[in-house]
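Heads up: the structure comes next, in structure tokens.
Letters A, B, ... are given to chains in the order of the sequence lines, protein chains preceding strands, and every chain is numbered from 1.
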2 protein chains.
Amino acid sequence: MVTIKDVAKVTGVSPSTVSRVIADNPRISPATKKKVREAMEHLGYHTNIHARNLVAKSTKAIGVIMPSSADKALQNPFFPEVLRGIGSVIHERQYSLTLSSGETEQEILAEVQRMVYGSYVDGVILLYSRVDDPVMSFLQERDFPFVMVGKPFEKLQEITHVDNDNFTAGKQITNYLIASGHEKIAFIGGSKDLFVTRDRESGYQSALTDAGLPNNDAYKIHTEFLKSGGREAVERLLSLPVRPTAIVVTDDLMSLGVLSTLEESGVQVPRDISLVSFNNAYLSEITRPALTTVDIHIHELGAQSARALIERTVDKTVPSRRIIVPYNIIYRNSVSEQ
Amino acid sequence: MVTIKDVAKVTGVSPSTVSRVIADNPRISPATKKKVREAMEHLGYHTNIHARNLVAKSTKAIGVIMPSSADKALQNPFFPEVLRGIGSVIHERQYSLTLSSGETEQEILAEVQRMVYGSYVDGVILLYSRVDDPVMSFLQERDFPFVMVGKPFEKLQEITHVDNDNFTAGKQITNYLIASGHEKIAFIGGSKDLFVTRDRESGYQSALTDAGLPNNDAYKIHTEFLKSGGREAVERLLSLPVRPTAIVVTDDLMSLGVLSTLEESGVQVPRDISLVSFNNAYLSEITRPALTTVDIHIHELGAQSARALIERTVDKTVPSRRIIVPYNIIYRNSVSEQ
DNA sequence: CTGTTAGCGCCTTCAA
DNA sequence: TTGAAGGCGCTAACAG
């Protein structure tokens with residue numbers, strides 16, 4: 001292994017000088033800089049991060065924590081896409097990215113503790129939001145830099161987080177349905193414990209209210225991402241005395257299940273029932289019909305969270321803030337005029 | 001930060017003793033071990049990896065390299081799933097996982113070099129296989145431990161890799177079609193540059209030949225994962241004078257596109273055309289009809305690759321080998337009897 | 001502008 | 001069974 005000393009020896013300067021040219025210290029003459037750099041190149045020098053981190057107290061690495069993989073949600077194309085978003089800025093800033101690998105909540109907590117105490121990373125991005133999350137409590141107590149993708153359940157003001165305006169998105173997409181002549185609009189969402197679900201549902205609600213449409217609890221269904229959940233939801237809706245003519249579904253993957261079950265039951269989309277969705281995952285484009293969906297810019301959610309986190313790790317005093325990533329609606333073929 | 005010295009001071013032993021109990025050195029008396037451990041617990045001691053790695057020369061970290069994200073393939077649920085598989089053994093072995101973040105081939109190469117030279121990781125898992133891959137060449141030249149998920153293009157014997165028997169899988173699923181009475185069977189695969197495609201296609205071919213069925217080039221189509229690709233493939237097939245009655249598609253995500261296009265063109269699956277697929281991604285179960293598909297045990301591919309890699313990093317002399325993960329066919333509703 | 005000195009936290013001989 | 005001493009590779013004062 002080529003060390004700083006080796007290049008120092010070859011160049012005839014001191015190790016600290018070499019260290020300085022690595023840091024591009026302005027107080028080093030261009031001449032020696034050039035000389036040293038050539039030697040580094042020539043010898044194939046590469047700085048050892050462990051040595052560096054040991055003294056520098058900064059790792060230029062960030063940890064990304066996935067939800068416990070008990071959550072089937074992991075199958076959601078959402079994750080590769082946020083990871084890409086995070087990766088893009090990580091890479092641009094020359095950071096590295098450590099991914100959590102725990103499966104249960106406890107394992108994940110232990111892992112995060114190891115990351116923090118062992119100084120594996122400078123900061124952490126949480127890709128989920130849970131009530132009473134021990135991981136988050138731990139991070140807060142230790143005052144360790146972290147950012148959440150999504151919306152924290154409490155202390156909104158104290159936690160930097162990156163989210164969409166899901167309320168308005170839900171409202172707007174529902175309004176679109178209303179403008180298309182629909183009045184009997186149902187809602188299928190994930191667990192009520194998730195803020196995404198809640199916010200989108202509130203928006204849906206609000207649109208109905210504003211339009212003077214009735215609030216029908218039987219039209220609101222909360223289910224799992226799983227097929228069985230989607231199936232059950234649809235069956236419930238179809239067995240209603242008055243069937244909805246449109247459904248707002250909070251996730252493209254769920255929409256795929258809903259779509260299938262709907263058509264299996266002989267109802268055609270959008271002829272019989274219209275569908276709108278969220279996320280604009282790749283598959284929303286290749287379903288039949290292609291889904292009208294809210295593009296929440298997943299990549300951007302990731303990128304922004306990484307930017308915000310790095311900013312915090314560099315300067316701990318930057319105030320926490322809420323970052324809203326804009327969305328836009330992609331109109332395709334899953335909605336019919338009434 | 002609590003260091004080894006702190007617990008030494010509190011316990012009244014020397015730092016080296018503390019270091020020894022951390023390593024669970026047998027030559028330390030149970031009494032002092034107990035004493036030291038309690039102090040560690042009490043003070044909240046956690047070992048600093050950078051200090052450790054600096055001397056230990058092993059990082060207990062492995063790098064996972066994704067394909068360049070230009071590849072839309074990243075949207076494939078395959079990746080989260082291998083990651084989970086890798087993560088499971090990473091976690092069990094108390095390793096950590098660094099994910100590549102580069103977008104282009106060059107960026108990725110630079111990243112891998114940084115990982116290797118800077119001793120970020122002990123070994124690397126390649127989640128893709130490319131001809132003339134500079135990353136792989138680099139790893140080989142440096143004799144740096146790595147494992148590939150999939151099949152390398154050359155030096156099969158020299159490179160440890162984890163793969164399915166895609167030939168046999170392709171053959172078996174095609175035989176199933178034949179056994180169901182199909183004789184005009186088409187094939188839609190990804191790029192011919194991918195071994196997965198090639199192997200599965202060879203298997204398909206072989207099944208046809210064995211059954212004495214004709215080899216029709218017009219029935220074999222290579223396309224992208226993208227919608228447009230799937231669409232074009234299907235259109236080509238449907239415009240043929242003699243339409244196939246069944247199609248082998250090499251990926252569930254592609255199948256979704258094929259399915260959509262097929263039904264848009266008014267052909268029903270499986271009534272008019274049957275479909276079989278590969279991977280058994282979550283979505284293969286929620287399409288309509290649910291897909292008969294080869295479950296390649298993605299999670300296991302990941303887990304095995306991690307195991308093999310760790311084995312190699314621990315003992316560089318273990319010979320390279322080929323690890324075959326078994327597959328099995330999941331029968332669902334996308335195939336009809338002829 | 002550059003060299004010297006002193007660690008960062010840990011592990012590992014070598015002695016005792 | 002334990003302690004003392006040195007060093008892993010790098011950076012950061014402090015001197016010049």
Side-chain angles (χ1 to χ4, degrees), chain A residues 1-40 43-61 94 96 114-122 314, chain B residues 1-37 39-40 43-61 94 96 114-122:
Chain A
M1 165 165 272
V2 185
T3 77
I4 234 174
K5 283 184 188 168
D6 297 320
V7 350
K9 205 167 295 171
V10 171
T11 334
V13 301
S14 77
S16 38
T17 300
V18 178
S19 175
R20 287 188 184 106
V21 347
I22 293 171
D24 203 18
N25 186 316
R27 312 190 307 186
I28 296 288
S29 77
T32 48
K33 270 193 186 171
K34 181 157 178 290
K35 195 172 51 173
V36 169
R37 289 203 175 111
E38 282 170 4
M40 296 198 314
L43 296 180
Y45 169 82
H46 289 264
T47 127
N48 178 321
I49 18 135
H50 301 298
R52 193 216 285 294
N53 290 345
L54 186 54
V55 22
K57 251 64 185 147
S58 147
T59 65
K60 297 252 272 172
Q94 304 243 58
S96 62
R114 202 158 61 104
M115 287 187 186
V116 171
Y117 287 131
S119 56
Y120 282 73
V121 296
D122 289 344
V314 171
Chain B
M1 166 168 271
V2 186
T3 79
I4 235 175
K5 282 183 187 168
D6 297 320
V7 349
K9 203 167 297 170
V10 170
T11 336
V13 301
S14 78
S16 35
T17 301
V18 177
S19 175
R20 287 187 183 105
V21 346
I22 292 172
D24 203 17
N25 187 315
R27 311 188 309 187
I28 295 290
S29 76
T32 48
K33 270 193 185 170
K34 183 160 176 289
K35 195 171 51 175
V36 170
R37 288 202 175 113
M40 294 198 317
L43 296 180
Y45 169 83
H46 290 261
T47 127
N48 178 321
I49 19 136
H50 301 297
R52 194 218 284 295
N53 291 345
L54 185 53
V55 19
K57 253 62 184 149
S58 148
T59 65
K60 299 251 275 173
Q94 303 243 57
S96 62
R114 204 158 60 105
M115 286 187 188
V116 171
Y117 287 131
S119 56
Y120 282 74
V121 297
D122 290 343

Check: A/Pro15 and A/Ala8: which non-hydrogen atoms are nearest, and at how many Å?
Finding: N-CB, 3.7 Å
Next item on the list: If a protein heavy atom is under 4.0 Å from the base, mark B; if only from the sugar-phosphate, S; if neither, -; do that for nucleotides 2-8 of chain D going 5' to 3'.
Entry: BBB---B
Check: Looking only at heavy atoms, what is the nearest atom pair of A/Ala39 and A/Val10, with distance?
Finding: CB-CG1, 4.4 Å
Margin query: I need the NE2-P distance between A/His50 and D/dG9, as an integer number of Å.
Written below: 12 Å
Notebook entry, point to check: At under 4.0 Å, does any side-chain N or O of A/Tyr45 touch on OP1 or OP2 of D/dC10?
Noted result: yes
Notebook entry, point to check: Taking any atom under 4.0 angstrom from a heavy atom of chain A, which nucleotides of DNA chain C are the first and last to qualify, 5' to 3'?
Noted result: C/dC1 to C/dG9
Checklist line | Smallest separation among heavy atoms of B/Gln94 and A/Arg114, with atom names | finding: O-NH1, 3.3 Å
Next item on the list: Please check if the side chain of B/Lys33 supplies one atom and the backbone of B/Asn25 the other of a donor-acceptor pair under 3.5 Å.
Entry: yes
Checklist line | Spacing of B/Thr17 atom OG1 and B/Arg27 atom CZ [to the nearest 0.5 Å] | finding: 11.0 Å
Item checked: Minimum heavy-atom distance B/Tyr45-B/Thr3, with the two atoms named -> CE1-C, 3.6 Å
Next item on the list: Spell out, as yes or no, whether a donor-acceptor pair under 3.5 Å connects the side chain of B/Thr11 to the backbone of B/Val13.
Entry: no
Note to self: Around atom NZ of A/Lys9, are there more than 12 heavy atoms from other residues, nucleotides or ligands closer than 6.0 Å?
What the structure shows: no
